[in-house]
Amino acid sequence: MSNTTHLTGIVERAANGPVLRTDGGGTWELDNTRQVRKFIGSRVEVVGERSGFNGFTCEQIWLAGQPRPAAFKLRLEFLLAAAFVAYGLYATVSAVVSALR
């Protein structure tokens, strides 16, 4: 079950890092990442999950009023499977080449 939340507000600088001041008057502490910091002073939309009392982990952030950008998620399990397949192919080709010598 996903607890994904969509918020809109203005990203501001605070003592503990960036915060999102929402239209309803709430304040959320955002991740202090480059992705978030580049929006300081801008009105944004944020999708993510609540963490702790007033923390918010951003999955995506974009300028308010703009279309939501396509999400890119690198799925670790697919990357690992591809690495094992590539290694298997490498080992097979190496064994064939060494047997032919």
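Just so we're clear, the structure is a prediction, and the values are computed from it rather than from any experiment.
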Check [X] against [Y] and note the closest heavy-atom contact, atom names and distance.
{"X": "Thr8", "Y": "Ala64", "value": "CG2-CB, 4.4 Å"}
{"X": "Val44", "Y": "Val11", "value": "CG2-CG2, 3.5 Å"}
{"X": "Thr27", "Y": "Val19", "value": "CG2-CB, 3.9 Å"}
{"X": "Cys58", "Y": "Val36", "value": "SG-CG2, 3.9 Å"}

Between [atom1] of [X] and [atom2] of [Y], what distance do you get to the nearest 0.5 Å?
{"X": "Glu59", "Y": "Thr5", "atom1": "CD", "atom2": "OG1", "value": "9.0 Å"}
{"X": "Arg21", "Y": "Ile10", "atom1": "CZ", "atom2": "CD1", "value": "10.0 Å"}
{"X": "Gln60", "Y": "His6", "atom1": "CD", "atom2": "NE2", "value": "9.5 Å"}

_Once side chain to side chain donor-acceptor pair (under 3.5 Å) is applied, do any residues pair with Asn54, and if so which ones, sequence neighbours excluded?_
none
*Only counting residues at least two apart or in another chain, list the ones meeting side chain to side chain donor-acceptor pair (under 3.5 Å) with Gln35.*
none
*Give the cluster check for Ile40 versus Leu63: same hydrophobic cluster or not, with ILVMFWY residues linked at side-chain heavy-atom distances below 4.5 Å.*
yes
*Is any side-chain heavy atom of Ile61 less than 4.5 Å from a side-chain heavy atom of Leu20?*
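They are not in side-chain contact.
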*With the side chain counted from C-beta on, respond yes when Asp23 and Arg43 share a heavy-atom pair under 4.5 Å apart, and no when they do not.*
yes
*Backbone N or O of Arg68 within a donor-acceptor pair of the Glu45 side chain at under 3.5 Å?*
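No, Glu45 side chain to Arg68 backbone: no donor-acceptor pair under 3.5 Å.
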*asked:* Determine whether a donor-acceptor pair (N or O, by modelled atom type, separation under 3.5 Å) exists between the side chain of Arg37 and the backbone of Asn32.
replied: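 Judged by distance alone, yes, a pair lies under 3.5 Å.
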Which donor-acceptor pairs under 3.5 Å do side chains of residues 84-99 form with protein atoms, sequence neighbours excluded?
{"unit_1": "Thr92", "atom_1": "OG1", "unit_2": "Gly88", "atom_2": "O", "d": "2.8"}
{"unit_1": "Ser94", "atom_1": "OG", "unit_2": "Tyr90", "atom_2": "O", "d": "2.8"}
{"unit_1": "Ser98", "atom_1": "OG", "unit_2": "Ser94", "atom_2": "O", "d": "3.2"}
{"unit_1": "Ser98", "atom_1": "OG", "unit_2": "Ala95", "atom_2": "O", "d": "3.0"}

*Relative to each other, are the rings of Trp28 and Phe56 parallel, tilted or perpendicular (30° and 60° limits)?*
perpendicular
